[in-house]
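I have placed the structure first, in the form of structure tokens, so that the comments after it can refer back to it.
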Amino acid sequence: MKLLHSITELREARARIAPGTSVGFVPTMGYLHEGHLSLVAASKAACELTFVSIYVNPSQFGPNEDLASYPRDLERDLELLSTYGVDYVFFPSTEEIYPEGYKTWVEVSGISQRLCGASRPGHFRGVATIVLKLVNLVQPHSMFMGSKDFQQVLVLKTMLRDLNLQVNLVSCPIIREADGLAMSSRNSYLDSQQHQRALCLSSAIKAVQAAFRAGQRSVPALLEIAGETIGDRGRIDYLELVDPERLEPVTTVDDMSRLIMAVYIDKVRLIDNAALGEQL
Ligand code: PAF
């Protein structure tokens, strides 16, 4: 596994890859868990070479968010990636990514403004900018991302399409703990009592899916079931039933309609989503 600290090292490594070799890319902010490793496995299964980036991107965090406390363990991440047979790991410094005088930002309008974008202004501008920079450097054929960040995937698909980038974004299934909690680096903030309360997100999804299977088609009734299931275990940031392409609220539901939510467990903000027709 080759460790690449600088953009120069990354460019040199990329230039040495024979034309026609399929390259997969998994962008991450590190503190890897089984969700990330499932993306690595998907890349390795589909592509001849796999790049992973580890970079906690400051521009996607708001001023009062958890940039400083975001969990980091580079040594452990590198060990895991090496065990998984990753070919290249890029872990740049912020001076390398946003040098003095940095001025350029990528804005995907519309879809970036709703849901997480409304609660975290500027978040998707930061995500789109860093992912465009990374894609430009790695030049992958395919990029693998988790669908826990369902809105992020749609924002980035829109960006890739609009900027004519020939990168296939593969959205991979959410990986969950045995108890249903969607895996996230931020789960490490939860103590065991908070972890128990955090199960309200997946429980809400299960309850709504069960009601949908039993014939409930009323959007207010389905949202009420979700809200009641969350109850006082968490504080809802948003909870919506949306269409899976534009993430606009729906008035009639089908199998593909998505329950999507962000819920605070004390100060920890967790997200989750699923289609009504799925079964957790
Ligand atoms: O999903 C993440 O971990 C981040 O938003 C990403 C895509 C690595 C960009 O910093």
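Bear in mind that the values here come from a model prediction, so they are computed numbers and not experimental data. The residues of the chain are indexed from 1 along the displayed sequence. Remember, it's 1-based here, ligands and their atoms both numbered in the order they're listed.
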Where is the nearest protein heavy atom to atom 2 (C) of ligand 1: which residue, which atom, and how far? Q152 NE2, 3.8 Å
Which residue and non-hydrogen atom of the protein lie closest to atom 10 (O) of ligand 1, and at what distance in Å? Q60 OE1, 2.6 Å
Can you name the atoms of ligand 1, numbered from 1 with element, that are less than 4.0 Å from a heavy atom of [X]?
X    : answer
M145 : 7 (C)
M29  : 3 (O), 4 (C), 8 (C), 10 (O)
I130 : 9 (C), 10 (O)
T28  : 8 (C)

So is R217 actually on top of F212's ring, under 6.0 Å and inside 45° of the axis? yes
side-chain contact (heavy atoms from CB on, under 4.5 Å) test vs T50 passes for just one of D87, L39, V89, V23, namely D87
Apply the salt bridge (Lys or Arg N to Asp or Glu O under 4.0 Å) test between D272 and each candidate in R258, K148, R176; give the one that qualifies. R176
Taking the six-membered ring for Trp, are H36 and H33 parallel (under 30°), tilted (30 to 60°) or perpendicular (over 60°)? tilted
Check this for me, if you would: do R197 and D266 make a salt bridge, where the nitrogen-to-carboxylate-oxygen distance has to be below 4.0 angstrom? yes
